[in-house]
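One structure is given here, and the rest of the page talks about it.
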Protein chains: 2
Amino acid sequence: MSTAQGARARARLEVTTAIKDEARRQLAEEGAAKLSLRAVARELGMVSSALYRYFPSRDDLLTALIIDAYDSAGEAAETAHATAANTTPLRRWVAVCEAVRVWALDHPHEYALIYGSPVPGYKAPDTTVRAASRVGLLLTGIVRDAHRTVGVARTPIPAELRPEAERLTAALDPELPPEVTMALVAAWAQVYGLVGFELFGQFNRVVEDRETFFRYAVSRIGHEVGLVFPEKA
Amino acid sequence: MSTAQGARARARLEVTTAIKDEARRQLAEEGAAKLSLRAVARELGMVSSALYRYFPSRDDLLTALIIDAYDSAGEAAETAHATAANTTPLRRWVAVCEAVRVWALDHPHEYALIYGSPVPGYKAPDTTVRAASRVGLLLTGIVRDAHRTVGVARTPIPAELRPEAERLTAALDPELPPEVTMALVAAWAQVYGLVGFELFGQFNRVVEDRETFFRYAVSRIGHEVGLVFPEKA
DNA sequence: TCCAAAGCAAGAGCACTGCTCTCTTTTTAG
DNA sequence: CTAAAAAGAGAGCAGTGCTCTTGCTTTGGA
């Protein structure tokens, strides 16, 4: 019939997302280690071997979940950025960072999957790389915008880092001063260090008021990047 | 006989360390997910059930490896600190951070185990907590020493963070100014963010000269903590 | 010195896992 | 209408963590 071809494809897509949803549920509840293909199939009322028609292996299912997690985190960050669109670059910077933190606290196991450790056979397809850089690009955009409007402060970099800074600037955003690019990349990593430490319990008997602490730390990092004009628009 | 009692205990200790060594080997080769009790027993020429006399479960074995990993990392950091004993606080700071990075690159799976994600049943016994804070205490010591000798710079903290800073200072090192304590805790997390990003591949097509980059980033973090006199002794 | 108690190794077995293979049924496309 | 492709079902393999029972050895106290 006319929609026959589409019917199959649609059914396949439905089953695929059903599998991923159930897998995500188990991931959120028990963690990546306890995620079981057979349990997913069981819950969906299908036999385990049928699941292999959709994902050739457990690692492939995990990879799909990783990509989705990157997208989910990126979307949360972008939403926060859109909400804070009409404010200072520094405020937007903090807003995006806070969104990442909240997302991580809401999805701890997914965060561990993407920023914790390369659990499966440690491969990173291009799709993964692209999805992974979404938050990074967002932060870069904030700094670029600040550079265009109110300007950014430059902290000198050592001579030995000059070539790296030039190369990185060309790849990331040729518009930005190399000193700022360098600081930006470092800042990105540092923000995730803060999130990871809180999430993985390193702050357990150390930091109490974590939200306030995070805002403080992330503001300082933003300042380090060159976002030094918090009052101007 | 006289050493009979000691003989048993010694044998037990030998077997225990043999198990841990073999487990660590498999951990280094394949990662925590692939670490198998049966494979460890097989490699040691013993039957799998015998292994349960030494470790009541797989998670307990992993926990033991985690504690050892914390100790190993702490020792590497302390050695680096001792080597740089007669230099500037900032130089010592950088040296310790670099030692942590090198250790992490040499033991990626162990690093993932302790700073990546709480793989097992997510429990943190007191022994773990103590071992975990070793590097943190070392960094605190460097800052304290700087405070006593050349002095540290203070960056003001927001009023809402004041109580947290007071409490934290009392717990960590009452001698230090609260502003510095706050910056120190943040710095600690940020350093691990840098290490984790490099280790887990987030710098893959981004940063090339990672050693130089790390030294730069970590120096700036040290500066942020208040280690601002790199030339004085 | 002897002997009960504790420590330890071995083996069988259970429930579970990822994954492969074969067989049958259904759906698609020429 | 029919050949090919896609999907489901079931059995089965090798591996896992873990438990239980059975014997053997070492230990510490009477």
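Order of the sequence lines fixes the chain letters, A, B, ..., with proteins taken first and strands second; residue numbering starts at 1 for each chain. Being a predicted model, the structure only gives us computed values, none of them experimental.
- Side-chain to base pairing of A:Arg38 with C:dG18: one donor and one acceptor N or O lie within less than 3.5 Å of each other.
- With D:dG8, C:dA10, D:dT16 as the candidates, the nucleotide lying closest to the side chain of B:Arg42 is D:dT16.
- Remark: the B:Arg12 side chain and the C:dG7 base include no donor-acceptor N/O pair separated by less than 3.5 Å.
- Residue-environment remark: CD (A:Glu166) exceeds the threshold of 12 foreign heavy atoms within 6.0 Å.
- You'll find that the side chain of A:Ser48 is closest to C:dC19, out of C:dC19, D:dG8, C:dA9.
- Checking the phosphate oxygens (OP1, OP2) of D:dT26, no side-chain nitrogen or oxygen of B:Arg10 falls inside 4.0 Å.
- Counting only heavy atoms from C-beta outward, the side chains of B:Leu61 and B:Tyr54 never approach each other to under 4.5 Å.
- Residues B:Tyr54 and A:Ser36 both approach DNA chain C. Their nearest nucleotides, taken by heavy-atom distance, put B:Tyr54 toward the 5′ side.
- Residue B:Ser49 has its side chain nearest to D:dT19 when only D:dT19, C:dT17, D:dA5 are considered.
- Checked against C:dT17, C:dC19, D:dG17, the side chain of B:Tyr52 finds its nearest nucleotide in D:dG17.
- The shortest side-chain heavy-atom distance between B:Val94 and B:Arg215 falls under the 4.5 Å cut-off.
- Nearest nucleotide to the A:Arg8 side chain, out of D:dG17, D:dA6, C:dC19: D:dA6.
- Screening B:Phe203, B:Tyr192, B:Tyr115 for a ring-ring contact (aromatic ring centres under 6.0 Å, His included) involving B:Phe197 leaves a single residue, B:Phe203.
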